[in-house]
Each structure stands twice: as structure tokens, then as C-alpha cells.
Amino acid sequence: MSKIVFLLIGDVQYDGRVRKEIHSLKTLGHELILIESESKTLLPTKNELGAEVYLLKRKRGGNCIIRFFRIVVFYVKLINLLRKIRPDYIHCNDINTLIFSAYKLKNVKYIYDAHELRFGNPGVFSDIPIMLIESILARRCDSIIVPQIDRLNLMSIKYRISKNKMFLLENFPNKLDVNDENYFLKKYSRRIGGKKIVSYIGGITNDRYLEDLILAFKKIDQCVLFIIGYGPIAYVDYLRALVEKERLTNVYLEGPIPHSEVLWASASSNIGVCFYNPVRFNSYFSASNKLFELLNLGVNILSNYSPATSKVCNSHNSVLLHEVNCNNIANAICKLEKMANEQKGEFYWEKQENVLEIIYPKC
């Protein structure tokens, strides 16, 4: 059994990947400790999370000198705490914790969990120092975890890192039981009238092509659309006004639902919509968690094309749009609603836990 410290700039309550990793490693028999910089609620107990939790707050704001001073103070406090804990491994989540590996503790192995692809962003000059820091520190780590195969290959080539120390651990969801009842009939007093259900469940923001999705339903009679989620009030009001203006009686905007009900709602859909705007390499080479949920449920999928989505959807009932607009969306939905729902996929987190077992051997 090893003592493993997870470093996280942020709140673990909002980081499902870190929670899944901690649970898996706890199941493998390791001792887990989490050091996080934020907590908007009470700290999770060891029984709840599977790890002992330390809150080491990091102050923000101020000019460049003040920010640098606060980083140094946080760094010193963190190093002192790590010396006290004396871990066997330090698991650095993203580059904002990787920088604390610049001073390596003796007899400690460092694991870099590269949540984001740091190069290829629009601000080219701002990328240069980040890329330099990441390339130097990542090469010094004992193992590197990457959540998508194209991003793994890019990092290996760009930073000249041997693939022998790089591991693929994708953002698959946990395997959970799903209620068999129709969510939309159970939860909403809507008269669907036997029509097929198209759902979008996620953030209601202007980079998800939701305006085009709504306008597509001017040409669709055989389906109803549910848009469920949270977004800026002004944008949500704008979409509601658009629905009213176009007199769309088959489009419904609903507020966010509990996380425990998301899979149930998705499973009750005939077509799941999963749009995002890949403006960076990181998003271009990413497959959304929602995409894997829909695949596991056997729901037909409408998404935009990217290398990652094409890899996972190539054998499933899906339409991937190279150009997202209301006409293409309407044509895609008309095609998908005629298809039977696909056989369920097997993209589950539990199927890749052996990767963590290789990185963190029990001995």
C-alpha cells in the first residue's frame, strides 16, 4: 500500500475526474490524501471521499507583485505540509499543480495528470512560457496521464516524452443503474403525443449552437426538443423569447436538474444533442463526457465533427456535422429519428481502472 497525495487547485466537489481517481485508488488499497485550494461547502469526510482532505487556501487578485508573493507563500506552505505527510507519490492535477514539482522531495514519485492540452490556444505568446514550464516539468515526472489519445500523441511529439511513461485514462462515466420510466412524462406536464424526444442537457451558453438548434425545429414536426440546464439569465431569456417569437410549440426550455437525474433524462431521449465549439486544440481533441453517457445508453447522437468524436462514434447511430447550422441540424434530426436506437456502448470508468493499478503498484 502506498501513500498518495492528490494536489488540486480548486474544489474537489466540482471535479468528477479527481473523485473517480481517488475512489479507484482507495479500492486498490492505497492511502489517499487530498490537498485542495478551495471549498465552497463543508470539506468532504474521509468516508465520503475516500481520502483525508486538507484545505490550503490560495488567495487571488492583486497586481503582478502581490500575485507572485501569494504564490510563493502558498508554495512554501504546501512544501512544508508535504514534508509533514511524507507521501510515496504526489499526483499533480493539471499544470497549476505541476509547477509545485519544480522542487522535488526525496524518495517521492511524481505523477502528472494533464487534464488540459496547453498548446494551440489563440493567445500564442501567452502560451510560450506555459509550454516551456510544462515541457520541462513533465519530462521530470515518473508518469503522465492524458485523457485522450490524440492529445497524448501530441504531447509526446511536442515535448519529446517517451510514450513508455505516458498513460491513457479517458473521462468515461461510472457505470450506474438507470430508471426505466420515461423521465419527460414523469417529470414534466407536457403532452408529447407519441413524438420522438430530442434532448440537450448541459450548459446553456452561446457557444453550444442552441439558437440554431431551436430554429431547426421550425422544420420538424415529428419530434419535441427539451433544452435543460443552467446559463446566464439574459441568454436564457433571449432563447425563450426566440421560441415564443417563432411560435414553436415543440420546444421546451427547462431549468437545471439534479445530477442524479441526468442519466435518467438522457436514457429517456431518442436523440441526444452534444454540441460544443472547439476553438482550442484542447477542445478539438476532446470527446465530451456527455457523449460517452449517450453512447453507453444507446441513444442516437447529434454532435459536431472533431477527431475525438469521430473516433468514438464511428460505429454508432450518430450524425457529426462539419458545419453546424439550423438546416443541417434539421436534416440530421430527420435522419436520426428514423433510426432505431443503437446497442449500448461500454465506455465505463471501471473498465480502465487497471491503468491506475499499473501507475500505482500495490507493493
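Around atom CG of Asn107, no more than 12 heavy atoms belonging to other residues, nucleotides or ligands sit under 6.0 Å away. In this structure, Lys104 places its NZ atom where more than 12 heavy-atom neighbours from other residues, nucleotides or ligands lie under 6.0 Å away. Within 6.0 Å of NZ on Lys57 lie no more than 12 heavy atoms contributed by other residues, nucleotides or ligands. More than 12 heavy atoms of other residues, nucleotides or ligands lie within 6.0 Å of CD1 in Ile358, so this atom counts as buried by the packing criterion. Atom NZ of Lys195 sits in a crowded spot, with more than 12 heavy atoms from other residues, nucleotides or ligands closer than 6.0 Å. At most 12 heavy atoms of other shown residues, nucleotides or ligands fall within 6.0 angstrom of atom CD1 in Ile65. No more than 12 heavy atoms of other residues, nucleotides or ligands lie within 6.0 Å of CZ in Phe69, so this atom counts as exposed by the packing criterion. The number of heavy-atom neighbours closer than 6.0 Å to CZ of Arg86, taken from other residues, nucleotides and ligands shown, is 12 or below.
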Test side-chain contact (heavy atoms from CB on, under 4.5 Å) applied to Ile111 and Tyr360, step by step: CA-CA 10 Å; Ile111 312 300; Tyr360 294 105; 3.2 Å; yes
Tyr200 and Phe275: CA distance, side-chain angles, deciding distance, ring pair (Phe, Tyr, Trp, His ring centres under 6.0 Å) verdict: CA-CA 9 Å; Tyr200 169 86; Phe275 284 141; 8.0 Å; no
Verdict with reasoning, Asn206 to Tyr238, per side-chain contact (heavy atoms from CB on, under 4.5 Å): CA-CA 11 Å; Asn206 60 7; Tyr238 168 75; over 6 Å; no
Residues Leu321, Val319; criterion side-chain contact (heavy atoms from CB on, under 4.5 Å); working and verdict: CA-CA 6 Å; Leu321 299 178; Val319 175; 3.8 Å; yes
Trace of the side-chain contact (heavy atoms from CB on, under 4.5 Å) decision for Asp15 with Asn93: CA-CA 10 Å; Asp15 198 318; Asn93 288 286; 5.7 Å; no
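Here Lys175 does not pair with Glu350 in a salt bridge; the nearest charged N to carboxylate O distance is not below 4.0 Å. With salt bridges taken as basic N to acidic carboxylate O contacts below 4.0 Å, none links Lys187 and Glu254.
Taking the six-membered ring where the residue is Trp, Phe184 and Phe226 present tilted rings, their angle falling between 30° and 60°.
The minimum heavy-atom distance between Arg17 and Asn171, with the atom names listed, is NH1-OD1, 2.5 Å. Between Pro307 and Phe285 the shortest heavy-atom distance is CG-CE2, 3.8 Å. The two residues Lys165 and Ala138 make their nearest non-hydrogen contact at NZ-O, 3.7 Å. Nearest heavy-atom pair across Arg140 and Ser101 is NH1-O, 3.8 Å. Nearest heavy atom pair, residue Asp11 against residue Ser39, reads OD2-CA, 3.4 Å. Closest approach of Ser156 and Met166 over heavy atoms only: CB-SD, 3.7 Å.
Here the side chains of His30 and Asp88 are not in contact, with every heavy-atom distance at 4.5 Å or above. Residues Ile145 and His115 fail the side-chain proximity criterion, which asks for heavy atoms closer than 4.5 Å. Between Ile85 and Ile35, the closest side-chain pair of non-hydrogen atoms falls below 4.5 Å. Inter-residue side-chain proximity for Glu293 and Val262 is flagged as met; some heavy-atom pair is nearer than 4.5 Å. Contact check for Ile228 versus Ser199: no side-chain heavy atoms found under the 4.5 Å cut-off. Looking at Leu105 and Tyr110, their side chains come closer than 4.5 Å, going by heavy atoms from C-beta outward. Side-chain contact between Cys223 and Asn250 is absent, with no heavy atoms from C-beta onward closer than 4.5 Å. When side chains are defined from C-beta on, Phe292 does not count as touching Tyr348, because their heavy atoms never get closer than 4.5 Å.
Remark: side-chain polar atoms of Arg160 are not paired, donor with acceptor, to backbone N or O of Ser135 under 3.5 angstrom. In this structure, Trp349 contributes its side chain and Glu21 its backbone to no donor-acceptor pair below 3.5 Å. A donor-acceptor pair is defined here as one N or O able to donate and one able to accept, closer than 3.5 Å; such a pair exists between the side chain of Arg19 and the backbone of Gln13. Distance alone, capped at 3.5 Å, is enough to place a donor-acceptor pair between the Asn328 side chain and the Glu323 backbone. Judged by distance alone, with hydrogens and angles left aside, the side-chain atoms of Ser306 form a donor-acceptor pair with the main-chain N or O of Thr309 at under 3.5 Å. Glu357 contributes no side-chain N or O that, together with a main-chain N or O of Leu28, makes up a donor-acceptor pair within less than 3.5 Å. Using modelled atom types, no side-chain atom of Lys196 and backbone atom of Ile271 make a donor-acceptor pair closer than 3.5 Å. Checking side-chain atoms of Lys290 against main-chain N and O of Gly272 turns up no donor-acceptor pair under 3.5 Å. For the pair Lys219 (side chain) and Asn331 (backbone), a donor-acceptor distance under 3.5 Å is absent.
Distance OG/Ser269 to CD1/Ile201: 5.5 Å, rounded to 0.5 Å. Between atom CG of residue Asn300 and atom OG of residue Ser318 there is a gap of 8.5 Å, rounded to the nearest 0.5 Å. Of the inter-residue distances, the one linking Leu82 atom CG with Ile33 atom CD1 reads 9.5 Å to the nearest 0.5 angstrom. Atom CG of Leu152 sits about 10.0 Å away from atom CD1 of Ile157, to the nearest 0.5 Å. Expressed to the nearest 0.5 Å, how far CG of Leu98 lies from CD of Glu134 amounts to 7.0 Å. Taken from CG in Asn304 to CZ in Arg208, the straight-line distance is 9.5 Å, to the nearest 0.5 Å.
Using a 4.5 Å cut-off between side-chain heavy atoms of Ile, Leu, Val, Met, Phe, Trp and Tyr, with links allowed through other members, Val18 and Val355 fall into the same hydrophobic cluster. Clustering ILVMFWY residues whenever any of their side-chain heavy atoms sit less than 4.5 angstrom apart, transitively, puts Val73 in a cluster other than the one holding Phe68. Put simply, Ile136 and Leu154 are part of two different groups of oily side chains (I, L, V, M, F, W, Y) that touch within less than 4.5 Å, one to the next. Cluster annotation: Leu81 and Ile99 are assigned to the same hydrophobic cluster (Ile/Leu/Val/Met/Phe/Trp/Tyr, side-chain heavy-atom contacts under 4.5 Å, transitive). Ile95 and Leu56 fall within the same hydrophobic cluster, where Ile, Leu, Val, Met, Phe, Trp and Tyr residues are linked whenever their side-chain heavy atoms come under 4.5 Å apart, directly or through other members.
A donor atom on one side chain and an acceptor atom on the other are found under 3.5 Å apart for Ser286 and Arg151. Looking only at atom types and distance, the side chain of Gln148 has a donor-acceptor partner in the side chain of Asp150 under 3.5 Å away. Residues Ser143 and Lys109 bring no donor and acceptor atom of their side chains to less than 3.5 Å of each other. Counted by atom type alone, Asn153 and Lys163 present one or more donor-acceptor pairs between their side chains at under 3.5 Å.
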